[in-house]
Chemist: 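Okay, here's the structure, questions in a sec.
Just so it is clear, the model here is predicted, and its values are computed rather than measured.
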Amino acid sequence: MKLSVCFLFLFMSFTSVAQHTISGRVTDRSGNPIGGANVYLKNSYAGGNTDEDGKFSFTSTLDGEQILVISFIAFESTELKSKISQMNKLEIRLRADVNSLDAVVLNAGSFSAGDQSRASVLKPLDVVTTAGVAGDFIAALQTLPGTQAVGEDGRLFVRGGTAEETQIFIDGLRVFQPYTATAQNLPARGRYSPFLFDGISFSTGGYSAEYGQALSSVLTLATIDEPDQNQTDISIMTVGAGLGHTKKWDSSSVSINTTYINLSPYQELIPNNPDFEFKKPFENLSGEAVFRKKTSKGLFKLYTALDRTNFEIYQPDENFTGRNLVDLTNLNLYANTSYEGNLGQGWKIAPGFSFSRANNEIFIDEVTLKNRENAAHLKLKTTKRYNNRLKFHAGLEYFYTDFMEDYMEDSQIFSASYTNNILAGFIESDFIFSKKFAVKAGLRSSYLKFNDLIEFSPRLAAAYKLTHSQQISLAYGNYHQQPVADYLKYSKSLQPEKAQHFILNYQYSKKGYLFRSEAYYKNYSDLVKFDTASPEFNSSYSNKGVGYARGLDLFFRDDKTINRLEYWLSYSFIDTERDYRNYPVSATPDFVANHAASLVTKYWIEDWQSQIGFSYNFSSGRPFENPNTPGFLNERTKNYNNLSFNWAYLISQQKILYFSISNIMGSNNIFGYQYSNTPDTNGNFISRPIQQAADRFVFLGFFWTISVDKNKNQLNNL
């Protein structure tokens, strides 16, 4: 018995001696104590939390070299490897986690829409629920500052740039013909359905080195990675019908959307203005499909879209007594395939390929114009994430364009064509120095076979967080772009056009509120000039054009002040002049309004089960050329005004009745004037105004969703 007691005493004494006390204090980088931090020995149950003074203390029977782990929300976790006997009176400083929600964001020149972006100014729903945009995501983006509402064109004009200076990408791959085919002074629409995208990034300048061949702006669209469930969507509209279906399996899914639009019945009820009389109204049949397949280390996508457009319209011309009959048929195919996967150790790889083919057949009285464009984009991008503070991107890409056109008149055929090959590479790094300061630096280089020329384009952006809710950002970049097909098909000696961007951004962000202001300066050089009324095969072309654009963009969004009311307000001021095309002097282009503003509101009425919204767009007058008065682009149109309204009513949870009307005040907006080429007997040049096709556009639709989740509906899509 005595012997047993002796052994027990010796064992307890030994155990007591083997216990170690681990103690210390946890602070931030400024020495302020961090209370509540979790401190423990890795692969053991030994540990505890820090007190309000940041102090901790606990014991362990482990021995030898161990790993002490210290973690706390909004700070980077730290591991300390040492002999456990030396883990006492430790002084541990944690670094702020630069990925936390209140960290600085590089956002000069960029607007994002999507739940995954911390810099979002638009929610995904906003793209299609804005009154007056009729489901066109391009029109929704025109409520943001920096854009111009060019009503007779419909495409994106950004910060004094032409529509061709904005490029659009789907899943990182170039879309070569992003707009529907149209005739002169008839607005085009975005070709692709917004319903298949869950991420939109719109850069009005200063964008990443990953993107090239765009002088003014880049719009990137990301298709949905994975749908929620099997679903069928049916729509019956005053202008057509649509059918969509999504099928989901364990590791793959496919979504298909088809739409048929025919404006004949609508225009029987509500005719266009006299200058826009259709012999055969606009007709479009389109279909899109997305296939997704998850692999063990990534996600594969295949996206394809096919559409056919046809219409015949009578168009007046001051130089003819009658009207021109324009008959247009367009067939467009776009497809891309992309993959994004992990290679391990922080490496990611994203190869992709896109192809498009566009055929146009246009008949204008005795003239026939046929053109065809085949284009492709091959891209390989890699990303290496070293840690939360350093990320590296690099990539190679190849663009190919083959364009051919036949112009036939009086049994004569004039042909023009060109082939363009561009090989480009880019490198870029994100340096997150702290939660307050971040820098993105990149370089893009392109070899242009057309010109046998190598171009270098440096890009730089930085952001500094002033307070918890305020930050300033700077961006600079060089950009170049091949001239458009209208020039390249006639001249093989033209060089790329160039632009430099300088941007200063201030942002205030608080829950429910967002305010952005951005000043910019853009310097153009090597713009294309020619010496005829329009680009012709016998024109003399050069790259002697220059120009500038400078201005201020303001944006304010409020989702909080009034319950169930969301609204945003945009304002842009721009001062810009160019000496390009056949301009005799430097002047403000006819697509630029010096002042533009938009107000968008949305309000949910619970008792009516309805969402109602108003949008108001204003632009000051745009320049136009009046040959009856001296000077060039010497007069301005009257101001542009458009007030639109929409109403979405839930008949039941999965059935919606939707109504919208644009320009409810019936404003007679004028976009410019066409003058005769020769004066009349009194020496005056006769003119006619270029107006909107209809004073108002009225839309009524019924939308029905069939899915397992009975709460699912298309309200998100309206």
Side-chain angles (χ1 to χ4, degrees), residues 101-127 130 140-149 156-161 166 199-208 216-220 435-438 440 461-477 501-522 549-561 566-575 595-602 615-619:
L101 291 176
D102 62 343
V104 68
V105 178
L106 289 158
N107 65 350
S110 66
F111 293 91
S112 296
D115 292 336
Q116 297 177 353
S117 172
R118 288 178 287 157
S120 293
V121 297
L122 296 182
K123 301 175 183 177
L125 305 187
D126 295 333
V127 175
T130 299
L141 293 174
Q142 290 172 0
T143 66
L144 295 178
T147 61
Q148 294 276 333
L156 274 174
F157 291 74
V158 180
R159 289 183 172 172
T166 294
I200 298 175
S201 177
F202 178 43
S203 295
T204 51
Y207 39 87
S208 160
S216 283
S217 173
V218 164
L219 173 62
T220 59
K435 292 174 68 175
K436 287 189 172 183
F437 184 51
K440 180 190 286 286
Y464 182 75
K465 202 167 184 65
L466 301 169
T467 66
H468 179 73
S469 54
Q470 302 177 76
Q471 75 167 45
I472 58 173
S473 304
L474 296 165
Y476 164 80
H501 296 192
F502 302 87
I503 299 172
L504 172 62
N505 173 286
Y506 166 80
Q507 177 169 301
Y508 173 83
S509 177
K510 192 176 180 180
K511 188 176 182 180
Y513 303 96
L514 176 65
F515 171 74
R516 286 171 54 111
S517 66
E518 195 159 283
Y520 64 89
Y521 179 80
K522 188 159 51 174
R550 59 192 176 195
L552 176 67
D553 295 337
L554 303 176
F555 178 86
F556 176 68
R557 176 157 188 152
D558 178 3
D559 297 341
K560 188 176 180 181
T561 302
E566 301 176 9
Y567 71 93
W568 67 84
L569 178 63
S570 301
Y571 168 76
S572 296
F573 166 75
I574 182 171
D575 170 29
H595 302 273
S598 297
L599 174 63
V600 178
T601 65
K602 300 176 183 185
S615 296
Y616 173 65
N617 301 97
F618 166 84
S619 296

Chemist: Run the salt-bridge test on Glu566 and Arg557 with the 4.0 Å N-O cut-off and return the result as yes or no.
Modeler: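 Looking at Arg557 together with Glu566, the answer is yes, because their closest N to O distance falls below 4.0 Å.
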Chemist: To the nearest 0.5 Å, tell me how far Leu514 CG sits from Lys560 NZ.
Modeler: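 Leu514 CG to Lys560 NZ: 14.0 Å, rounded to 0.5 Å.
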Chemist: Who passes side-chain hydrogen bond (donor to acceptor under 3.5 Å, both in side chains) against Asn505, sequence neighbours left out?
Modeler: Glu518
Chemist: Give the minimum heavy-atom separation between Ile503 and Gly205, together with the two atoms involved.
Modeler: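 Nearest heavy atoms, Ile503 then Gly205: CD1-C, 3.4 Å.
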Chemist: What is the minimum heavy-atom distance between Leu156 and Thr166, and which atoms define it?
Modeler: O-OG1, 3.9 Å
Chemist: Quick one: side-chain contact (heavy atoms from CB on, under 4.5 Å) partners of Leu554, sequence neighbours excluded?
Modeler: Phe515, Ser517, Leu552, Tyr571
Chemist: On a heavy-atom basis, which atom in Ala596 and which in Ser619 lie closest, and how many Å separate them?
Modeler: CB-OG, 4.0 Å
Chemist: How about Val218 and Thr220: do any of their side-chain heavy atoms sit closer than 4.5 Å?
Modeler: yes
Chemist: Set out, in order, the CA-CA distance, both residues' side-chain angles and the distance that settles side chain to side chain contact (heavy atoms under 4.5 Å, CB included) for Ser217 and Phe202, then state yes or no.
Modeler: CA-CA 8 Å; Ser217 173; Phe202 178 43; 3.2 Å; yes
Chemist: Please name the pair of heavy atoms, one in Ser572 and one in Pro145, separated by the smallest distance, quoted to 0.1 Å.
Modeler: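 Here Ser572 and Pro145 meet closest at OG-CA, 3.2 Å.
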Chemist: Going by atom types only, do Lys522 and Ser216 share a side-chain donor-acceptor pair under 3.5 Å?
Modeler: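 Distance-only check passes for Lys522 and Ser216.
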Chemist: Test of understanding: with ring pair (Phe, Tyr, Trp, His ring centres under 6.0 Å), list the residues that count as partners of Tyr567, not counting sequence neighbours.
Modeler: none
Chemist: Mind checking side-chain contact (heavy atoms from CB on, under 4.5 Å) for Ile574 and listing every partner two or more places apart, or none if nothing turns up?
Modeler: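 Here the qualifying residues are Gln148, Tyr520, Ala549, Thr576, Val592.
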Chemist: Do Trp568 and Lys602 make a side-chain contact, defined as non-hydrogen atoms from C-beta onward lying under 4.5 Å apart?
Modeler: yes
Chemist: Stepwise, does the side chain to side chain contact (heavy atoms under 4.5 Å, CB included) test hold for Phe555 with Leu569?
Modeler: CA-CA 6 Å; Phe555 178 86; Leu569 178 63; over 6 Å; no
Chemist: Evaluate the criterion side chain to side chain contact (heavy atoms under 4.5 Å, CB included) for residue pair Thr561 and Tyr513; output intermediate values, then yes/no.
Modeler: CA-CA 9 Å; Thr561 302; Tyr513 303 96; 3.1 Å; yes
Chemist: In Å, rounded to the nearest 0.5 Å, how long is the span from NE2 of His501 to OG of Ser203?
Modeler: 10.5 Å
Chemist: Tell me, please, which residues at least two apart from Ile472 pass side-chain contact (heavy atoms from CB on, under 4.5 Å).
Modeler: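 With sequence neighbours excluded, Ile472 shows a side-chain contact (heavy atoms from CB on, under 4.5 Å) to Tyr464, Leu466, Tyr506, given in chain and number order.
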Chemist: Can you tell me how far apart CG (Asp575) and CZ (Arg550) are? Round to the nearest 0.5 Å.
Modeler: 4.5 Å
Chemist: Who passes ring pair (Phe, Tyr, Trp, His ring centres under 6.0 Å) against Phe502, sequence neighbours left out?
Modeler: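 If we apply the ring pair (Phe, Tyr, Trp, His ring centres under 6.0 Å) test to Phe502, skipping adjacent residues, the hits are Tyr476.
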Chemist: State whether Arg159 and Asp553 are salt-bridged, where the test is any N-O pair (Lys NZ or Arg NE/NH1/NH2 against Asp/Glu carboxylate O) under 4.0 Å.
Modeler: yes
Chemist: Return the CD to NZ distance between Gln471 and Lys465, rounded to the nearest 0.5 Å.
Modeler: 5.5 Å
